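Note that this is a predicted model, so its numbers are computed, not measured. Throughout, a chain's letter reflects where its sequence line sits, starting with A, and its residues are numbered from 1.
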Protein chains: 2
Amino acid sequence: MIFSKACEYGIRASVYIAQKSVSKERCNIKDISKEIDSPEAFTAKILQTLVHAQIIQSVKGAFGGFEITQKNLRKIKLIDIAIAIDGTLYDKTCVLGLKHCSENQPCPVHNQFKHIKKDLLCMMQNTHLLAMSTSVEAGLSCLKIA
Amino acid sequence: MIFSKACEYGIRASVYIAQKSVSKERCNIKDISKEIDSPEAFTAKILQTLVHAQIIQSVKGAFGGFEITQKNLRKIKLIDIAIAIDGTLYDKTCVLGLKHCSENQPCPVHNQFKHIKKDLLCMMQNTHLLAMSTSVEAGLSCLKIA
DNA sequence: TTTAATTCGGATAAAATTGTCCTATTTAAT
DNA sequence: ATTAAATAGGACAATTTTATCCGAATTAAA
């Protein structure tokens, strides 16, 4: 698995909130977890993490909820969400778990994975939150089984 | 993380056993866990899995241990070990956790990950156990911190 | 000012993964 | 036969991840 379950939910939730934020709509945790088919309380915890990471914003109280600023809609990339939730990326760590795997002291698959990791990082840096939400809005992709 | 901890140990152990098997040496779990720096009892469990999957062979009793047949030394690829331990691969599952993600009903990152997954699968199918062990034997890579 | 809708966050529980321990079984050597 | 060295495998423990529950705090509307 590339992402933890928490990260999967976090990405799907972010895309959903982004989709609503494009049309200035705010959404609450109940809607979010229903629309992305995720456990409500657990998803709420993950959203807290994303709020702390300043990726999404929360508004407390009645008629509150979650939203994403117009600035962040353009700024946030897939990699930002992944790092906020899962922390250090596969990119940085040895796939065989060696503490000091490097160019100088590589594990037996270091070179094979080097290129894959680079492509993965590059792709995640170039996958925009707004683009993901637009694709869902256009019906080209989805966030749960239809 | 790409591989589970169990899989990391399993791959490192396989490479070590392969290295010894090239010169017809058999090795026991104590040596293996020392040489790859892994928890002994846990590694023993993982080796059982690899024995059942017919990737490595075990010989019981005094002067027994683990070895890899000359045939398997040539036949086994990284992907075989990964599938034996971790089961279904990232390759087959949706990175955002959707049950029915496909070309017809893709998640918002399906197309981006499609290429990465293909490259990853291809690489793992072409990474030979023998090549990994040869690289360690030649001092070009290692299985634990030196 | 009261109420209802909401997030926040601490405590806890459940499940999965990682790791340990111990006994049984096997086998070669003495 | 006995012994020592090894894997096999069941039971269990620790840790991490996933998930739930509930009361406190916040806020807009009535």
Checklist entry - If Ile, Leu, Val, Met, Phe, Trp and Tyr residues are connected whenever their side-chain heavy atoms lie under 4.5 Å apart, and connections chain through other members, are A/Val59 and A/Ile56 in the same group? => result no
Checklist outcome for this item: Contact string for nucleotides 24-30 of chain D, one letter per nucleotide 5' to 3', B = base within protein heavy-atom range under 4.0 Å, S = sugar-phosphate only, - = neither, reads --BBS--
Checklist entry - Does OP1 or OP2 of D/dA6 have a side-chain N or O of B/Ser58 closer than 4.0 Å? => result no
Checklist entry - Can you find a side-chain donor-acceptor pair between A/Ser33 and A/Ser38 that sits under 3.5 Å? => result no
Checklist entry - Hey, is CD on A/Glu40 packed in by over 12 heavy atoms from elsewhere, all under 6.0 Å? => result yes
Item to check | Nearest-angstrom distance from the residue atom CZ of B/Arg12 to C1' of C/dT18 | outcome: 14 Å
Item to check | Pairs where residues 55-75 of chain B contributes a residue and the test salt bridge (Lys or Arg N to Asp or Glu O under 4.0 Å) is met, not counting sequence neighbours | outcome: B/Arg26-B/Glu67
Item to check | Any pair counted as ring pair (Phe, Tyr, Trp, His ring centres under 6.0 Å), so long as it reaches residues 13-51 of chain B, sequence neighbours left out | outcome: B/Tyr9-B/Phe42
Checklist entry - Could you give all pairs that pass the ring pair (Phe, Tyr, Trp, His ring centres under 6.0 Å) test and reach residues 50-74 of chain A, with sequence neighbours left out? => result none
Checklist entry - Do any side-chain nitrogens or oxygens of A/Tyr9 fall under 4.0 Å of OP1 or OP2 in D/dA19? => result yes
Next on the checklist: Output the rounded distance in Å from NZ (B/Lys5) to P (D/dT15).
Outcome noted: 16 Å
Checklist entry - Is it the case that more than 12 heavy atoms not belonging to B/Gln54 sit under 6.0 Å from its CD atom? => result no
Checklist entry - Taking DNA chain C as the partner, which of residues 19-51 of chain B come within under 4.0 angstrom of it by heavy atom? => result B/Pro39, B/Ala41, B/Phe42, B/Lys45
Checklist outcome for this item: Contacts satisfying salt bridge (Lys or Arg N to Asp or Glu O under 4.0 Å) that involve residues 109-118 of chain A (not counting sequence neighbours) are A/Glu103-A/Lys114
Checklist entry - Quick one: is D/dG9 close enough that its OP1 or OP2 comes under 4.0 Å of any side-chain N or O from B/His52? => result yes
